[in-house]
Number of protein chains: 2
Amino acid sequence: MIADPWQRQRLLDAFPFLHATPEEFRADVFDHVALVRLPVGQLICHDGAQCTQLPLVLTGTGRVYKLGENGREITLYRVHPGESCVVTTSCILSGRAFPAFAVCESAVEAVVVRPHEVRRWMASSEQWREYIFGLIASRLQEVFGVLDAVLFQRLDQRLIAYLLGQLETASGRGIHMTHQALAVELGSSREVISRVLKGLESQGLLRTTRGLIELLDIPALELRAREG
Amino acid sequence: MIADPWQRQRLLDAFPFLHATPEEFRADVFDHVALVRLPVGQLICHDGAQCTQLPLVLTGTGRVYKLGENGREITLYRVHPGESCVVTTSCILSGRAFPAFAVCESAVEAVVVRPHEVRRWMASSEQWREYIFGLIASRLQEVFGVLDAVLFQRLDQRLIAYLLGQLETASGRGIHMTHQALAVELGSSREVISRVLKGLESQGLLRTTRGLIELLDIPALELRAREG
DNA sequence: CGTCGCTTCGTGACAAAGTCACTGAATCGC
DNA sequence: GCGATTCAGTGACTTTGTCACGAAGCGACG
């Protein structure tokens, strides 16, 4: 239950769809959710676990990933403020085990909803259903996209595309990431990432130093990400 | 609209959850669905398409797969009688494009539901919601499983596991499939499947002839599917 | 029966990617 | 400055995908 008007406002701001809901629904929400704070690195869900709560993220981000028995891993998607892990939703509503891992990538503030309320709101609120289905569909597309990339795209192109994508978030044209972190994003291994980066560096397309990758010839990189 | 009592009964039999729904809901269903027959090989949905109807399969099976630009493909899952393609559902409810292909693997009889009804029933029927969410969760798990297999498992083990799985469906211990068909199931290429099969054959674990694979030493195959 | 055409499978050479076992280099805390 | 830790480079090897062939099996049809 969230009583503090300030916290209530934060919740409304993070989840815009709530503005469109009836007054009673919002009251219902405030009554039946709890605010939690999770530290960086906190494991939210592990492979095969039963989900008991649905977290709606207010601040911070969660990372959902698959882990192979050889220790390799791949990031499937991230859960940003205003979103929730809908795989959890579907597990809750169907009673199935969660098929991946989820951790806090940064400190996370979230409101947690119990399965009973998740189901109840599915019946009572049009807006809640729209919200949940929108998330499910976009997650599905992300996961399908990952599968497509892993199966059908060359690693150098995927790597370049990822780096170019990161550039928009970053400042300047340097990306602060280790090779290991890149491997985890793309589901590859550190050695292979190093090899590919070295190849690109020898062509003058970028420059690497410990923990930093500088993109030098962005047009050429964009070209290479598209074709061969 | 389905008037024929015989067809109505078939629909109820194929979708057991309907038995638990109120009389009026079933009447509503009969009023708002249409029966369609699709031939083998009929393309139901292509990558990037907007879904306009939700098909609920009565007989036959559909196959949902991803296609790479190099022509390689991988089967994600099948839609059997009593099921529907929930990726379509989520696309309908969110207005997104379908991220894969779907074809009729055999002749398919299905009832099609329009988006408006899909949404309406989500609001009105507890059983419909349960049904849809159960399907979504199981599809998600299947797709996550495929991703896991592709990324983290060796092809020989995946192939053996698939063959052993097919054996349960088949008669005797022979599996009638071409190498190309196996490649499509596992997201590999024919040459590689041939190579792996040849390796297994040279170890006396199975025997291959044109279009047929006979498993000879099933315990040894089961062992190898698990470890190295 | 023989021939044509299609499907299926085999093969060898190569490229891309993952694995393993190391080594060396940069950085941080003290 | 020094040791521990993290990060990156390397080479040998295996697995998998790609390409360009060609051979073998099988059906259709005169």
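In what follows, chains carry the letters A, B, and so on, assigned in the order in which the sequence lines appear, proteins first and then strands, with residues in each chain numbered from 1. As a basis for the values below, the full set of heavy atoms in this structure was taken, side chains included, without hydrogen atoms, waters or symmetry mates.
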Shorter than 3.5 Å, N or O on both sides, protein versus nucleotides 19-21 of chain D: list them out with atom names.
from   : atom 1 : to     : atom 2 : distance (Å)
D:dC19 : N4     : B:E191 : OE2    : 3.2

In B:L200, B:I160, B:I175, the residue satisfying side-chain contact (heavy atoms from CB on, under 4.5 Å) with B:L206 is B:L200
Examine [N]: is either OP1 or OP2 under 4.0 Å from a nitrogen or oxygen in the side chain of [X]? Give yes or no.
{"X": "A:S194", "N": "D:dG9", "answer": "yes"}
{"X": "B:H179", "N": "C:dT7", "answer": "no"}
{"X": "B:T208", "N": "C:dC9", "answer": "no"}

Requested in this report: Determine the contact category for B:S189: base if any of its heavy atoms lies under 4.0 Å from a base atom, sugar-phosphate if only primed atoms, P, OP1 or OP2 are that close, otherwise nothing.
Outcome: base
Over all strands shown, is B:R154 touching base, sugar-phosphate only, or nothing at heavy-atom distances under 4.0 angstrom? sugar-phosphate
Round to a whole Å and report the spacing from [atom1] of [X] to [atom2] of [N].
{"X": "B:M177", "N": "C:dC9", "atom1": "CE", "atom2": "P", "value": "11 Å"}
{"X": "B:L182", "N": "C:dT8", "atom1": "CG", "atom2": "C1'", "value": "13 Å"}
{"X": "B:Q153", "N": "C:dG18", "atom1": "CD", "atom2": "C1'", "value": "15 Å"}

Checklist line | Validation row: B:L197, B:L182 side chains within 4.5 angstrom (heavy atoms) | finding: yes
Expected string for nucleotides 23-30 of chain C under the B/S/- scheme (protein heavy atoms, under 4.0 Å, primed atoms plus P, OP1, OP2 as sugar-phosphate) is --BBS---
Sorted by chain and number, sequence neighbours left out, side chain to side chain donor-acceptor pair (under 3.5 Å) with A:R195 holds for none
